[in-house]
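Okay, structure first, notes after.
Keep in mind that the numbers below use all heavy atoms, side chains included, and drop hydrogens, waters and symmetry copies.
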Amino acid sequence: MIYTIEKVTTLIGARRFGSTDAKIGFILTDSRSLCFPEETLFFALKSGRNDGHRYILELYHRGVRNFVVTEVPANYASDYPQANFLKVVDSLESLQRLAERHRDEFNIPIVGITGSNGKTMVKEWLNQLLSDDLFVTRSPRSYNSQVGVPLSVWLLNEHSQVGVFEAGISQPGEMLVLRDIIQPTIAVLTNLGDAHQENFVSREAKCKEKLVLFHDAKIVVYNGDDSLISDCVNALEDFRGERLYWSCSDHNAPFFVKSIEKKATATTITYIYKGIESWYSLPFIDDASITNSFACAAVALTLGVSKDALDERMLQLEPIAMRLEVKQGQHGCTLINDSYNSDINSLDIALDFMNRRPDHQGRRHTLILSDIYQSGMTTEELYKEVGKLCQQRGIEKFIGVGKELQSHAGLITIKDKFFFENVENLIESDVFKQLHDEVILIKGARRFGFDQLTELLVQKVHETTLEVNLNAVVKNLNHYRSFMKPQTKLVCMIKADAYGAGSVEIAKTLQDHRVDYLAVAVADEGVTLRKNGITSNIMIMNPEMTAFKTMFDYDLEPEVYSFRLLDALVKEAEKEGITGFPVHIKLDTGMHRLGFDPHKDIDELIRRLKHQNAIIPRSVFSHFVGSDCDDFDAFSAQQFELFTFGASKLQSAFDHKILFHMDNSAGIEHFPDRQMDMCRLGLGLYGINPRNNKTINNISTLKTTILQLHHLATGESIGYSRKTILERDSVIGAIPIGYADGLDRHLSNRHGYCLVNGQKAEYVGNICMDVAMIDVTGIDCKEGDCVEIFGDHLPVTVLSDIIGTIPYEVLTGISNRVKRVYFQD
């Protein structure tokens, strides 16, 4: 849904500074998550560690024009001439108020879910149970905080038929705000655990705080077998709604669980709902999943799902990956990853899951556990309980990480136990290196970094280096920007390790110079950038279906080019609880490599995109086949016409702005009238003009040194298979670079040359894996002197022409074992 900036100003009671017309479709609180700047309203939130006002200038340069602030920047009219600043007393309260007013626009069933554990599981399972009949809008991941809830409710739109939102609290007084935002018609309490108990005077006080969510709901769903919860619900004043509680003992319960039959991999639950007996099967056997299914069943039946459909859909439920992930590990291990959170209740749930999971190999069970926070218990009570749980759940090896666990090691009664202060110490230990043939539960608070992959860095000792001039990168960037309209956005291609130059440093440079998007080939390349501090938008040009979760976790935006990829991506996004994830639609206009057909596929593509809310098209694009050659201009015109047809039809189906882009490096210069919303800069960024194969500003110089000089007589042979026979007395140098470093063997036997002290030195003999030989006869040189393979004085295009290929292949072929050295002039 779209709001005018005037309407937003009124809704939040702000004072407006600025007069630019604007429509708001997206709200933002984290500058790193920016996707649609043209329609984004940024709330500059303040916290103990950060202040959103710091990022206003950056966001303005990235295209954001609308800000909610408590302090209007000085000289705003001159420094931010196109911006609107909405001044309020409290940015967070304004965010919450806007979401509340947005919620008022919808007269649909809204499910609000609270509880100590299981909120996300119930939310995601309800989505799976209801989606066949209703368009469900739900919280992304676990957006259940004072910030997360308004961001979630804002996702309600004209297609929403039911909303499902989590509400999490950690302090007294928080639920009232969340209740007013969510305004649930159905309120669910999953359970009452110990999380954040230290902030409440008693369990009863915490229960009453959670039940604030129930106050105005028409139906409330809860565990009738929990006497504390039942007593608190019964004590609610002025509540006139329906009490739809479940029970395994009360035959009069609205949802009575008559029997629970566990089998090897599934559970059958027989229930009586409002006097009618039925049953469903669940593909899980752990107690938490079974209990959470009761809440899901009660809500689904209330919202019109038939008992037969419930049975069918329950059996198809998928596990929520953000809670418990089972993966095959190395050395015969199976890993159960539950590093999403850490408390005593979720530990018990995870241990129960682990203990009940069939393992026909008889492998021992190992727990890797971090210190547990916010338990509401003394450390002695807490870790005594941990030890007891481990004994009860069959843990045979215990690995503790954290100072608290170290100091309470005696309370863990497992015989085979080890303790480390931090994750780094664990990874360096023999205990970690010797893990094999075990089922390993990894359970840790996020701050311990259990979910991070640690790379062992081995220093590479190599006398061959690739020097990268970062100033030249900027010059090339500005060269192409000079052909572009000021409002046109830019995608910079840094796939294949930035064409061999090293993606991290190139990305840092481009980010500093405010490019709008970075593009890589596969998700792993994007992860590397994220782990090195890159916050810019990142596009994945060749997404692999096995990497969807990685893309979600690291905010990497995939290209979508086929229905198979589209359907798989939507399914995985829904499984992960993702909504509104940006993607880039690729149209095939003549390359015939990848992409949707603008004529044959576009209607079906629109239909599928409109019938889900997991992903949203951020851009639509295609590739010119021959923008670097005038001979293909007529075909390029046909491509552009075909693209415009398909892209315009896609845009007409959506309210939000979809970016169009087709110009590549050559197209930016050759087709300035076809820049549209965005252009993609590839080879030109790295200093080569694709239209004439000439150097713009060279950025890369591949250098090595002379290892040894040999004085050889006429008739001597050089290298393997004696391919070069000397025709004169010669001086032959050996250099430490070979085809394993990216030096192409087709340059062998005087087909190519390098420069030694500015003079040509031909390659003689076959280039070897690690060493090449060059003829330096008549060149004043010595061992240790520098050799230029390509660079400022020997363009890379000379090598590519000799080999009969393109500069891309030479640049991307430089091995990772070649050390990169970055510098600025």
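- Between the Asp516 side chain and the Leu490 main chain, a donor and an acceptor come within less than 3.5 Å of each other.
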Intermediate values then yes/no, salt bridge (charged side-chain N to carboxylate O under 4.0 Å, His left out), Asp567 and Lys571:
CA-CA 6 Å; Asp567 291 344; Lys571 180 179 180 181; over 6 Å; no
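- Between Lys657 and Asp677 a salt bridge is recorded (basic side-chain N to carboxylate O distance below 4.0 Å).
- Ring geometry, Phe26 versus Phe36: the interplanar angle falls under 30°, so the pair is classed parallel (tilted spans 30 to 60°).
- To the nearest 0.5 Å, the span separating CD1 on Ile440 from CD1 on Ile368 amounts to 5.5 Å.
- Side-chain N/O atoms of Ser289 and Asp286 include a donor and acceptor closer than 3.5 Å.
- Between Glu38 and Lys489, at least one side-chain N (NZ, or NE/NH1/NH2) sits under 4.0 Å from a carboxylate O, which counts as a salt bridge.
- At least one donor-acceptor pair closer than 3.5 Å links the side chain of Asn157 to the backbone N or O of Leu155.
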Checklist entry - Run the ring-ring contact (aromatic ring centres under 6.0 Å, His included) check on His611 and Phe135 step by step: do they pass? => result CA-CA 8 Å; His611 281 78; Phe135 193 99; 8.4 Å; no
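- With 3.5 Å as the limit, one finds a donor-acceptor pair spanning the side chains of Tyr280 and Ser293.
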- prompt: Would Phe643 and His623 satisfy ring-ring contact (aromatic ring centres under 6.0 Å, His included), going step by step from the backbone distance to the final call?
  reply: CA-CA 9 Å; Phe643 171 75; His623 285 285; over 10 Å; no
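- Arg530 contributes a side-chain N or O that, together with a main-chain N or O of Ile534, makes up a donor-acceptor pair within less than 3.5 Å.
- Between Phe581 and Phe552, the angle of the ring planes goes over 60°, which puts this pair in the perpendicular group of the 30/60° scheme.
- Looking at Arg608 and Asp603, no side-chain N of the basic residue comes within less than 4.0 Å of a carboxylate O on the acidic one, giving no salt bridge.
- If you check the side chains of Glu166 and Thr120, you find a donor sitting under 3.5 Å from an acceptor.
- One finds a salt bridge joining Glu604 and Arg607 here, because a Lys/Arg side-chain nitrogen approaches an Asp/Glu carboxylate oxygen to under 4.0 Å.
- In terms of modelled atom types and a separation under 3.5 Å, the side chain of Thr137 and the main chain of Ser160 share no donor-acceptor contact.
- A donor and an acceptor atom, one from each side chain of Tyr517 and Glu557, are located under 3.5 Å apart.
- His656 and Glu39 form no side-chain donor-acceptor contact under 3.5 Å, judged by distance and modelled atom types alone.
- Looking at Glu559 and Lys586, a side-chain N of the basic residue comes within less than 4.0 Å of a carboxylate O on the acidic one, giving a salt bridge.
- Closest non-hydrogen pair, Glu525 versus Asp497, comes out as OE2-N, 3.5 Å.
- Ion pairing of Asp588 with Arg593 is absent here, as no side-chain N (NZ or NE/NH1/NH2) approaches a carboxylate O to less than 4.0 Å.
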task = Evaluate the ring-ring contact (aromatic ring centres under 6.0 Å, His included) criterion for residues Tyr55 and Phe42: first the C-alpha distance (whole Å), next the side-chain angles of each, then the deciding distance (0.1 Å), finally the verdict.
result = CA-CA 10 Å; Tyr55 305 100; Phe42 177 69; 7.4 Å; no
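- Under the 4.5 Å side-chain criterion, counting only non-hydrogen atoms from C-beta, Leu98 is in contact with Trp154.
- In this structure, Val111 and Phe165 have side chains that are not in contact, with every pair of non-hydrogen atoms separated by 4.5 Å or more.
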